[in-house]
**Student:** 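For reference, the structure I am asking about is given below.
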Amino acid sequence: MALERLRAQLSMNTDFFPQHTMGDNMIEGLAVGAMFESRRELSEKQVHRPTHAGISGTKSFGAQSVVLSGKYSDEDEGNIVVYTGTGGQKDVYRNPGPQVEDQSFDHPMNQYLLKSSLNKRPIRVIRGPSSSRYAPSQGYRYDGMYKVTAAYQDKDPESGYNVCKFRLERVPGQPPIPVSY
DNA sequence: GGGCCCGCAGGG
DNA sequence: CCCTGCGGGCCC
């Protein structure tokens, strides 16, 4: 199976981050709850560099950060998030377009998160406006470090196509998410 | 180093 | 609804 092969490839040469560390994706001086007006500002301040994409990272390093928008079938329970992968869509300008084929772990950005699930390196999580009841009503908010604890495929009930899912668990010992509901 | 393709924006 | 923009990773 393709996924097992990828896991085998990616698990070579991986670093492991002990449970008690925040890892090297944490930015000194970036406080939980820090607000940003736009994706542009997130990019300029290097909290999440891509101005459009939801997943930031590299194939060898893994992911660095993700942004939740609420426009996908993510599940957000605050300390636990199930983030949907990228790809398999048409007409991207519709943000997002309809799912027209299966998502794949071969997709570079999905590989970043798959890699992170193996090297246990915590990633930064940013919530966009109204992306869930844990999200700010406006602007983007840095909500701390999360670990990717699972990567699997699931059937998207809307389209019937398979999508990649990533379970994110918030690293303990951080200030709570500043929920405002 | 350059070109290419892409994406959980943002706005017209 | 439709288009432009922008930064990035990646593979020549």
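Every chain is numbered from 1 and lettered A, B, ... according to where its sequence line falls, protein lines coming before strand lines.
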**Student:** Consider only side-chain heavy atoms of I, L, V, M, F, W and Y, link residues closer than 4.5 Å, and tell whether I177(A) and Y83(A) are in one cluster.
**Tutor:**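 Hydrophobic grouping puts I177(A) with Y83(A).
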**Student:** At less than 4.0 Å, is any side-chain N or O atom of Y140(A) found next to OP1 or OP2 of dC8(B)? Yes or no.
**Tutor:**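 No, outside the criterion.
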**Student:** Give the dot-bracket line for DNA chain C from 5' end to 3' end: parentheses for intra-strand Watson-Crick or G-U pairs under 3.5 Å, square brackets for crossings, | for inter-strand pairing, dots for unpaired.
**Tutor:** ||||.|||||||
**Student:** Please report the distance, rounded to the nearest Å, between CZ in R39(A) and P in dT4(C).
**Tutor:**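 Distance, rounded to whole Å: 21 Å.
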**Student:** Going by the rule side chain to side chain donor-acceptor pair (under 3.5 Å), which residues pair with D143(A) if we only count those two or more places apart in sequence or in a different chain?
**Tutor:**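 In terms of side chain to side chain donor-acceptor pair (under 3.5 Å), with neighbours along the sequence ignored, D143(A) is linked to R127(A), R141(A).
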**Student:** Measure CD/Q89(A) against C1'/dG7(B) and give the value in whole Å, please.
**Tutor:**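 Checked: the CD to C1' distance equals 9 Å.
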**Student:** Without decimals, in angstroms, what is the distance between E41(A) CD and dA9(B) C1'?
**Tutor:**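 Checked: the CD to C1' distance equals 14 Å.
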**Student:** Strictly under 4.0 angstrom, non-hydrogen atoms only: write out the protein contact profile of nucleotides 7-12 of chain C, one letter per nucleotide from the 5' end, B, S or -.
**Tutor:** SSSSS-
**Student:** Which part of the nucleic acid, if any, lies within contact of H107(A), taking any heavy atom under 4.0 Å across all strands shown: a base, the sugar-phosphate backbone alone, or nothing?
**Tutor:**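 Sugar-phosphate contact only.
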**Student:** Expressed in angstrom and rounded to an integer, what is the separation of D156(A) atom CG from dC8(B) atom C1'?
**Tutor:**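 Those two atoms, CG and C1', are 14 Å apart.
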**Student:** Starting at atom CD of Q46(A), determine the distance to atom P of dC6(C), rounded to an integer number of angstrom.
**Tutor:**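 Computing the Q46(A):CD to dC6(C):P distance gives 18 Å.
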**Student:** Output the rounded distance in Å from NE2 (H52(A)) to C1' (dA9(B)).
**Tutor:**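 So the two atoms are 5 Å apart, to the nearest Å.
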**Student:** How many angstroms lie between NZ in K165(A) and OG1 in T84(A), if you round to the nearest 0.5 Å?
**Tutor:**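 The distance works out to 3.0 Å.
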**Student:** If a pair satisfies salt bridge (charged side-chain N to carboxylate O under 4.0 Å, His left out) and one of its residues is in residues 153-164 of chain A, list it, with sequence neighbours excluded.
**Tutor:**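 As it turns out, there is no salt bridge (charged side-chain N to carboxylate O under 4.0 Å, His left out) pair with a partner in residues 153-164 of chain A once direct neighbours are skipped.
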**Student:** Could you work out, with side chain to side chain donor-acceptor pair (under 3.5 Å) as the rule, every residue matching N79(A), not counting sequence neighbours?
**Tutor:**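 With sequence neighbours excluded, N79(A) shows a side chain to side chain donor-acceptor pair (under 3.5 Å) to no residue whatsoever.
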**Student:** The criterion is salt bridge (charged side-chain N to carboxylate O under 4.0 Å, His left out); which residues satisfy it with E41(A), sequence neighbours excluded?
**Tutor:**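 Listed in chain order: K45(A).
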**Student:** Please list, chain by chain and in numerical order, all residues satisfying side-chain contact (heavy atoms from CB on, under 4.5 Å) with S69(A), sequence neighbours excluded.
**Tutor:**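 Result, side-chain contact (heavy atoms from CB on, under 4.5 Å) vs S69(A): K71(A), Y72(A).
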**Student:** Per the salt bridge (charged side-chain N to carboxylate O under 4.0 Å, His left out) rule, what does the pair list look like for residues 166-179 of chain A, sequence neighbours excluded?
**Tutor:**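 Qualifying pairs: R167(A)-E169(A).
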**Student:** Whole Å only: how far is the CG atom of L113(A) from the C1' atom of dC8(B)?
**Tutor:**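 So the two atoms are 12 Å apart, to the nearest Å.
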**Student:** dA9(B) P sits how many Å from F36(A) CZ, rounded?
**Tutor:**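 About 16 Å, once rounded to whole Å.
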**Student:** Members other than V82(A) in its cluster, when Ile, Leu, Val, Met, Phe, Trp, Tyr link by side-chain heavy atoms under 4.5 Å?
**Tutor:**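 So far as hydrophobic clustering goes, V82(A) is joined with Y152(A).
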**Student:** So what does S131(A) hit on the nucleic acid, given a heavy-atom distance under 4.0 Å: a base, only sugar-phosphate, or nothing?
**Tutor:**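 Here S131(A) touches no strand at all.
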**Student:** Taking N and O atoms by type only, does the side chain of N95(A) place a donor or acceptor under 3.5 Å from a partner on the base of dG7(B)?
**Tutor:**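 Not at all, since no donor on one side and acceptor on the other fall under 3.5 Å apart.
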